[in-house]
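Everything numeric here is computed off the predicted structure, so don't read it as measured data.
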Number of protein chains: 2
Amino acid sequence: MTTITTRPIETAAHDRLYRTLRLQIMHGEIMPGQPMTLRGLGKQFGVSMTPAREALRRLVAEGALMLSSSGRVTTPELSNERIEELAALRALIEPELAARALPRAHLALIDRLSAINTANAEAVAKQDAVAYIRTNLEFHRTLYLRAQAPAMLAVIETVWLQLGPTMRALYTKLRRNEPPRHHRMILAALRAGDEPSLRLAVRTDVTQGLRHLAG
Amino acid sequence: MTTITTRPIETAAHDRLYRTLRLQIMHGEIMPGQPMTLRGLGKQFGVSMTPAREALRRLVAEGALMLSSSGRVTTPELSNERIEELAALRALIEPELAARALPRAHLALIDRLSAINTANAEAVAKQDAVAYIRTNLEFHRTLYLRAQAPAMLAVIETVWLQLGPTMRALYTKLRRNEPPRHHRMILAALRAGDEPSLRLAVRTDVTQGLRHLAG
DNA sequence: GGGCGCAATTTGTGATCACATGGGCGCATG
DNA sequence: CATGCGCCCATGTGATCACAAATTGCGCCC
């Protein structure tokens, strides 16, 4: 609903395929371990193997997909150690992004974050895991976009990408029936302009969901 | 009908090309803004456009190369803001990696780090910028390999990759005539098992070189 | 002499083909 | 009936071709 201004860009075939798969992976719509073939993807999207190969290689380069020894491409099944690492990366980088966004966080931004948060609550009520993940990431990305730090944002998005398939498994397993209470703490810290509590709120929000799996 | 019978041991062509270019970029052997063409690279490495395209797309996905609007691939010329961002990422992640490596840092590792450090000093004496960058990164990577954190290491290597071309320009401009004194502080903190000073030493070592450019 | 437009060449994109390889499945044999 | 072996198909890899767009350079006109 709150989509960004969609530009009528003529997108290259491999790029459309890349973005489609990327969103599917990040939102947890693809199960871990699921194999993907070049010809299968090409046929599915009406293109030849070449764009499919480029899209897949790109996703492999970002860590979203795993390349087996024989060249087979599958969504990775993350070990607990890897999940812990990725969670640590989130805990390191996201508070920094939030802190950098804080001076630029005006009231309009906070309102938009609140709106995303209510959409998130609706996803929780509907037990819709994909919508939950999507709105949750949208909440964070909307905040971090204000940080004016594209390199950091790109790094953290690749981390989200790697966590996508397991986040789905995680959130369906946890049977969450409450919206993330830390999001309200984030909003409160933003309104108060309190950087230390903002950093803390972001850090705990990021780690609280993921630490359950490693334990 | 290839020309010669394939060798019994061979790595995939696109992978060799990728690794070669990746090292060249990370070590600063390629000037920023330099354009690279698919057919040119293919001819240079004796392969067709297909492997060259894959290698370049992979490097673009990692942020090592920039894809212009028309599809041309060049090494990016980083703005000062982007350099500051990447330096901040190094300052965030590398102390964490060092701290995780600390409990596993035995004497043999410290000896190897010292050896790399002397090689680094030799590169400084010879005014060899590429050797300087290479040994400097080797110092850090050797330490971080002990952290047993492959995801974090992969992230920080992509950061190094993005900084490669500008590091070259930076270090030739600064005309460094001294080896990094913070490396000795890192070694001392490792020997003492002192995590706080290790984190501090790594952070200052990482930021000291790069803050000059942004200032 | 300089600016502008057109053409030729360069270059990326996508499709198709040939080939090697690995995996899966069935069949034969102990 | 179980196990191993071999064949066939699916799949990734790399090369080549056709095409469109962009870039470059040359010549023409003012």
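Rounded to whole angstrom, the span from the NZ atom of K43(B) across to the P atom of dT16(D) amounts to 10 Å. Distance L56(B) CG to dT11(C) C1': 12 Å, rounded to the nearest Å. In this structure, F45(A) places its CZ atom 14 Å from P of dA15(C), rounding to the nearest Å. Note: CG (L65(A)) to P (dG12(D)) measures 12 Å, nearest angstrom. Rounded to whole Å, the distance from CG on L38(A) to C1' on dG14(C) is 14 Å. Rounding to whole angstrom units, CE of residue M66(A) and P of dG12(D) are separated by 14 Å. One atom, CG of L67(B), and another, P of dT11(C), lie 15 Å apart when rounded to the nearest Å. Between the NE2 atom of H14(B) and the P atom of dG12(D) there is a distance of 12 Å, given to the nearest Å.
Of the candidate nucleotides dA15(D), dG14(C), dT13(D), dA15(D) has the atom nearest to the side chain of S48(B). Side-chain proximity of R72(A) to dG14(C), dG14(D), dG23(C): nearest is dG23(C). Side-chain proximity of T37(B) to the nucleotides dT16(D), dT11(C), dT13(C) is greatest for dT11(C).
Enclosure of atom CZ in R203(B) is not indicated, since only 12 or fewer non-hydrogen atoms of other residues, nucleotides or ligands lie within 6.0 angstrom.
With R134(B) as reference, H27(B) is the one residue of M26(B), E29(B), H27(B) to meet the side chain to side chain contact (heavy atoms under 4.5 Å, CB included) rule.
Judged by distance alone with a 3.5 Å cut-off, a donor-acceptor contact links the side chain of T50(A) to the base of dA15(C). For dG12(D), the base has a donor-acceptor partner in the side chain of R39(A) [N/O atoms by modelled type, under 3.5 angstrom].
T74(B) places no side-chain N or O within 3.5 Å of a backbone atom of G33(B) that could act as its donor or acceptor partner. Under a 3.5 Å cut-off, the side chain of T75(A) and the backbone N or O of M31(A) do form a donor-acceptor pair.
Pair assignment for dC30(D) gives dG1(C), based on Watson-Crick or G-U wobble hydrogen-bonding distances that are each under 3.5 Å.
In this structure, R53(A) does not reach the dT13(C) phosphate: none of its side-chain N or O atoms is under 4.0 Å from OP1 or OP2.
Between Y18(B) and H14(B), the distance from one ring center to the other does not fall under 6.0 angstrom.
When each of M49(B) and S69(B) is assigned the nucleotide of DNA chain D with its nearest heavy atom, M49(B) is the one assigned upstream, toward the 5' end.
Residue V73(B) is classed as having no contact, given no heavy-atom separation below 4.0 Å to the nucleic acid.
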